[in-house]
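Since the structure comes first, as structure tokens, the remarks are kept for the end.
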Amino acid sequence: MPELPEVETTRRGLAALLTDRFIVGWTIRNPNLRWPVQLPAQLRGGRICGVRRRAKYLIVEVIGASHAAAVGERGALIMHLGMSGNLRVLPVETAPGKHDHLDIVLSGALLLRLNDPRRFGSVHWQADPVEEHWLLRKLGPEPLSTEFSGAYLKARARRRRVAVKNFIMDGQIVAGVGNIYASEALFLAGIRPTTRAGRVTLLGYERLVAAIRQVLEQAIALGGTTLRDFVDQDGNPGYFKQSLNVYGRDGLPCPRCATPLKGVRTGQRATVFCPKCQSAQSFSGRRC
DNA sequence: ATAGTCACCTGAGCGC
DNA sequence: TGCGCTCAGGTGACTA
């Protein structure tokens, strides 16, 4: 699935192609995504004025232009790619394939096509203010924003007994940190994923915040991580997989100290760490 | 409020 | 080649 860097990669590709196009219509071949897909009539004729990202949601901003009543009315398509989704901009005549659930037909003889085998993705319409949508309302700060800091995490972690890995994957704590990058960031910060969130020190959280930023920024620069099926809007894979230190490397040597990496499960998710480099001590942050 | 589990769905990979 | 099992990049809803 797409995590934040993959969504950001998709966003960058889409923004250039979608901005200033008009929505001519749409075809919903299978509305049964995570929530039933329903698009309002007022969307027709709207002009796309930008593509933003919030957590792993893509926000396609639309300004009404068709009917007198809708002119100037703003809103957005809020799209999530789930575990297996991808969005492409294609010539309007491109025949749909398996799992092509939704096309948004655009001016310029193009369409925005959503493909999602597992159908864990979603598409919603929300009139302004878009941030008031129930899926976005409770999200924590963006990990690449200045609001996200070691002090913030330390404060939120007070009395929390969950594993720190689950803690940073909680979208209400910080938005958009998924399984790959949580694992990678904890490795870079030298913190054991199973450490209880309340026991990580301020120094540990400062290192963790720096590591999260580093790993996300580097992954975005490389076009994201392709494990099996992620492609950006041009159909290209991401190249961050070569940079993974621990994710998917259970039993293989630690890239730093060669100790075999250990795999466990925390919160139903596969978790891999180096038993030597990632300290089990509460004041984590140490490296070997 | 918090922590843990379940659910949604398809496809790939593995052992037999 | 086929069958059955496990696992997968997410995340809201439930349960204690």
Side-chain angles (χ1 to χ4, degrees), chain A residues 1-10 29-37 53-58 78-87 97-102 114-124 133-140 143 155-186 193-199 212 215-216 219-220 222-232 237-244 246-251 263-272:
Chain A
M1 141 8 263
E3 281 201 36
L4 188 150
E6 293 77 65
V7 177
E8 179 60 24
T9 298
T10 300
R29 289 188 201 83
N30 185 353
N32 302 312
L33 302 189
R34 179 147 195 207
W35 293 283
V37 178
R53 179 187 58 72
R54 174 78 172 106
K56 295 169 193 158
Y57 294 95
L58 280 165
I78 301 173
M79 314 182 88
H80 198 290
L81 300 177
M83 290 277 266
S84 57
N86 73 276
L87 284 164
K98 205 174 181 185
H99 307 308
D100 285 340
H101 307 309
L102 170 70
L114 173 67
N115 179 281
D116 184 6
R118 292 179 72 180
R119 287 188 276 125
F120 286 172
S122 64
V123 179
H124 287 89
H133 192 270
W134 64 278
L135 285 168
L136 305 182
R137 214 166 31 200
K138 298 174 304 179
L139 291 171
R156 293 295 303 264
R158 232 173 104 79
R159 285 191 284 271
R160 294 290 304 264
R161 297 168 65 80
V162 269
V164 63
K165 174 157 174 277
N166 299 347
F167 179 68
I168 59 168
M169 288 177 68
D170 179 345
Q172 300 194 32
I173 301 299
V174 54
V177 178
N179 201 32
I180 296 178
Y181 301 105
S183 306
E184 293 298 313
L186 286 159
T194 50
T195 311
R196 293 183 191 284
R199 307 204 53 184
I212 289 170
V215 81
L216 292 177
I220 290 168
L222 292 177
T225 301
T226 296
L227 294 178
R228 48 186 72 79
D229 54 12
F230 171 74
V231 289
D232 69 14
Y239 296 97
F240 191 70
K241 186 168 195 269
Q242 290 96 314
S243 306
L244 296 177
V246 288
Y247 182 85
R249 303 193 65 246
D250 182 7
V264 295
R265 289 190 84 82
T266 71
Q268 322 284 87
R269 310 304 297 274
T271 300
V272 184

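Computation of the quantities below employed the complete heavy-atom set of this structure, encompassing side-chain atoms and omitting hydrogens, waters and symmetry-equivalent molecules. We name chains A, B, ... by the order of the sequence lines, and we start the count at 1 in each one.
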Send over the distance from [X] [atom1] to [N] [atom2], rounded to a whole Å.
{"X": "M169(A)", "N": "dT11(C)", "atom1": "CE", "atom2": "P", "answer": "8 Å"}
{"X": "R118(A)", "N": "dT11(C)", "atom1": "CZ", "atom2": "P", "answer": "13 Å"}
{"X": "M79(A)", "N": "dG10(C)", "atom1": "CE", "atom2": "P", "answer": "19 Å"}

Problem - T195(A) side chain vs V164(A) backbone, donor-acceptor pair below 3.5 Å - result: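 Not at all, since once roles are kept as given, no pair shorter than 3.5 Å links the two residues.
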Handout entry: Side chain E6(A), main chain D232(A), donor-acceptor under 3.5 Å
Key =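 No; zero donor-acceptor contacts below 3.5 Å.
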Handout entry: Results of ring pair (Phe, Tyr, Trp, His ring centres under 6.0 Å) for Y181(A) - residues two or more places apart only
Key =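 Testing Y181(A) for ring pair (Phe, Tyr, Trp, His ring centres under 6.0 Å), a comparison that skips the adjacent residues, returns F240(A).
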Exercise for the section: Quick one: list whatever passes side chain to side chain donor-acceptor pair (under 3.5 Å) with N86(A), sequence neighbours left out. Expected result: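 If we apply the side chain to side chain donor-acceptor pair (under 3.5 Å) test to N86(A), skipping adjacent residues, there are no hits.
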Handout entry: side chain to side chain donor-acceptor pair (under 3.5 Å) against E184(A), all qualifying residues, sequence neighbours excluded
Key =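 By the side chain to side chain donor-acceptor pair (under 3.5 Å) rule, E184(A) matches no residue at all.
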Assign [X] to base, sugar-phosphate, or nothing according to its heavy-atom contacts below 4.0 angstrom with the strands shown.
{"X": "R160(A)", "value": "sugar-phosphate"}
{"X": "Y247(A)", "value": "sugar-phosphate"}
{"X": "K98(A)", "value": "sugar-phosphate"}

Practice task
Mind telling me whether W35(A) and H124(A) have parallel, tilted or perpendicular rings, with 30° and 60° as the class edges?
Solution key: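 Tilted, since the angle between the ring planes falls between 30° and 60°.
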Handout entry: Non-neighbouring partners of R54(A) that pass salt bridge (charged side-chain N to carboxylate O under 4.0 Å, His left out), sequence neighbours left out
Key =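 E131(A), E142(A).
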Strictly under 3.5 Å: I want the nitrogen or oxygen pairs between protein and nucleotides 12-16 of chain C, one per line.
| residue | atom | partner | partner atom | Å |
| --- | --- | --- | --- | --- |
| dG12(C) | O4' | R34(A) | NH2 | 3.0 |

Problem - Euclidean distance, H133(A) NE2 relative to L139(A) CG, rounded to 0.5 Å - result: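 L139(A) atom CG to H133(A) atom NE2 measures 11.5 Å (nearest 0.5 Å).
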Identify, with sequence neighbours excluded, every residue that meets side chain to side chain contact (heavy atoms under 4.5 Å, CB included) alongside [X].
{"X": "R269(A)", "value": "K165(A), M169(A), N179(A)"}
{"X": "D250(A)", "value": "V272(A)"}
{"X": "H101(A)", "value": "N30(A), L33(A), H99(A), D116(A), R119(A)"}
{"X": "R161(A)", "value": "R196(A)"}

Problem - Pairwise P distance, dC14(C) and dC9(B) [rounded to whole Å] - result: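 About 16 Å, rounded to a whole number of Å.
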Problem - Heavy-atom side-chain proximity of L227(A) to Y247(A) below 4.5 angstrom - result: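 Yes - at least one pair of side-chain heavy atoms lies under 4.5 Å apart.
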All N/O contacts under 3.5 Å from nucleotides 3-7 of chain C to the protein, with atom names and distances to one decimal?
none

Practice task
Could you list where the contact with chain A starts and ends along DNA chain B, reading 5' to 3', using a 4.0 Å heavy-atom cut-off?
Solution key: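 So the contact region on DNA chain B extends dT2(B) to dG11(B).
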Exercise for the section: Give each stem of DNA chain B as a range with a range, requiring at least 3 consecutive Watson-Crick or G-U wobble pairs whose two distances are under 3.5 Å. Expected result: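 Paired runs of 3+ in DNA chain B: B:2-8 with C:10-16, B:10-16 with C:2-8.
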